[in-house]
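Quantities reported herein were computed from a predicted structural model and do not represent experimental measurements. The first residue in the sequence is number 1, and the count goes up from there.
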Amino acid sequence: MANWQTYKDDFLLFVEAGYIAVNQADEDSALKLFRTAELLDPENILPKIGFGYLHLHKLELKQSVQQFEKVLEKNPDNEMTKAFLGIALSMMPTQVAKGEKLLEQTLHSKDPLIKRLSDTAIDFVERFVKKSPGPAAKAK
């Protein structure tokens, strides 16, 4: 176990690399990086948010919601997690209103990145999720 202590200072590098791997659609690397970060600091919420972020990217919405809710149980004021949870919920047909409510809350964040993320997500929901199907979908 002493070997792991050598990498303790690199915790944030593993987490950041995990998010980069998610954005590059490299699930295998992302999982390995987040698991490594989790081994280094099991109590830290960042790898758990990362797992939820990975599920969100894969549109595995239920798993994503579960991860984000676990994080919010430990840290209910985490606005980034609330925004991600709002995005995941707003893409689930039965949870759109709940997701929008969370996004409306995070829209008032002091953090400009969270504000922009929330604004973009609300716009996406209005334009694409809530939009009625086009004529081709109705013809079926």
Side-chain angles (χ1 to χ4, degrees):
M1 194 67 170
N3 291 340
W4 284 107
Q5 296 305 320
T6 307
Y7 298 102
K8 194 86 168 154
D9 293 339
D10 296 327
F11 169 80
L12 287 176
L13 295 175
F14 285 108
V15 172
E16 185 65 29
Y19 284 100
I20 292 168
V22 170
N23 289 336
Q24 294 179 342
D26 186 353
E27 178 182 3
D28 185 50
S29 295
L31 287 171
K32 289 175 183 174
L33 290 159
F34 290 139
R35 286 181 186 139
T36 301
E38 200 169 41
L39 283 171
L40 292 173
D41 190 352
E43 296 303 312
N44 197 302
I45 62 171
L46 292 177
K48 292 164 184 52
I49 296 170
F51 289 125
Y53 185 67
L54 174 63
H55 287 298
L56 182 59
H57 269 252
K58 294 173 60 186
L59 295 178
E60 296 173 343
L61 302 175
K62 287 182 183 178
Q63 296 94 322
S64 179
V65 166
Q66 289 171 346
Q67 285 291 328
F68 295 140
E69 286 176 341
K70 284 181 192 176
V71 170
L72 289 172
E73 285 174 13
K74 290 184 179 184
N75 188 344
D77 297 326
N78 187 307
E79 291 182 324
M80 183 61 77
T81 304
K82 282 184 186 177
F84 285 151
L85 177 59
I87 292 168
L89 289 171
S90 67
M91 290 197 285
M92 300 172 80
T94 60
Q95 300 291 323
V96 175
K98 187 176 178 182
E100 276 188 305
K101 183 178 178 183
L102 281 170
L103 291 169
E104 290 290 341
Q105 289 174 14
T106 56
L107 187 61
H108 303 293
S109 172
K110 292 178 184 173
D111 185 327
L113 293 175
I114 294 172
K115 269 185 167 179
R116 189 170 48 186
L117 174 64
S118 300
D119 185 48
T120 303
I122 290 169
D123 183 54
F124 179 85
V125 169
E126 292 296 325
R127 287 176 156 204
F128 301 107
V129 175
K130 291 173 127 182
K131 187 176 181 180
S132 60
K138 290 179 185 177
K140 290 182 181 179

Can you find a heavy atom in the side chain of F51 that is under 4.5 Å from one in the side chain of Q63?
no
Check: L85 and I87 side chains under 4.5 Å, non-hydrogen atoms
no
Which residues share a salt bridge (charged side-chain N to carboxylate O under 4.0 Å, His left out) with [X], sequence neighbours left out:
X	answer
E27	K58
K82	none
K70	none

Quick one: closest heavy-atom pair of [X] and [Y], and the distance?
X	Y	answer
E100	S90	N-CB, 4.4 Å
L59	M91	CD2-CE, 3.9 Å
L103	S118	O-CB, 3.6 Å
I45	V71	CD1-CG1, 3.9 Å
I114	T106	CG2-O, 3.7 Å
A88	V65	CB-CG2, 3.8 Å

Contacts of type side chain to side chain donor-acceptor pair (under 3.5 Å), residue [X], not counting sequence neighbours:
X	result
D28	K32
S64	none
D26	S29

Sequence neighbours excluded - salt bridge (Lys or Arg N to Asp or Glu O under 4.0 Å) pairs with any residue from residues 36-45:
E38-K48
Pair listing, salt bridge (Lys or Arg N to Asp or Glu O under 4.0 Å) test, anchored in residues 88-97, at least two apart
none
Please report the interatomic distance [atom1]([X]) to [atom2]([Y]), rounded to the nearest 0.5 Å.
X	Y	atom1	atom2	value
N75	N44	CG	CG	10.0 Å
E79	K115	CD	NZ	10.0 Å
Q67	L72	CD	CG	11.5 Å

Are L113 and L117 connected in a single hydrophobic cluster, I mean Ile/Leu/Val/Met/Phe/Trp/Tyr linked by side-chain heavy atoms less than 4.5 Å apart?
no
Pairs under 3.5 angstrom only: tabulate donor-acceptor contacts from the side chains of residues 120-127 to other protein residues two or more places apart or in another chain.
residue : atom : partner : partner atom : Å
T120    : OG1  : R116    : O            : 2.9
E126    : OE2  : K130    : NZ           : 3.3

Per the ring-ring contact (aromatic ring centres under 6.0 Å, His included) rule, what does the pair list look like for residues 87-119, sequence neighbours excluded?
none
ring-ring contact (aromatic ring centres under 6.0 Å, His included) contacts in which one or both residues fall within residues 68-105, not counting sequence neighbours
Y53-F84, F68-F84
Scan the side chains in residues 9-20 for donor-acceptor partners under 3.5 Å anywhere in the protein, sequence neighbours excluded, and list what turns up.
residue : atom : partner : partner atom : Å
Y19     : OH   : L46     : O            : 3.2
Y19     : OH   : G50     : N            : 3.2

Got more than 12 heavy atoms from elsewhere within 6.0 Å of NZ, K62?
no
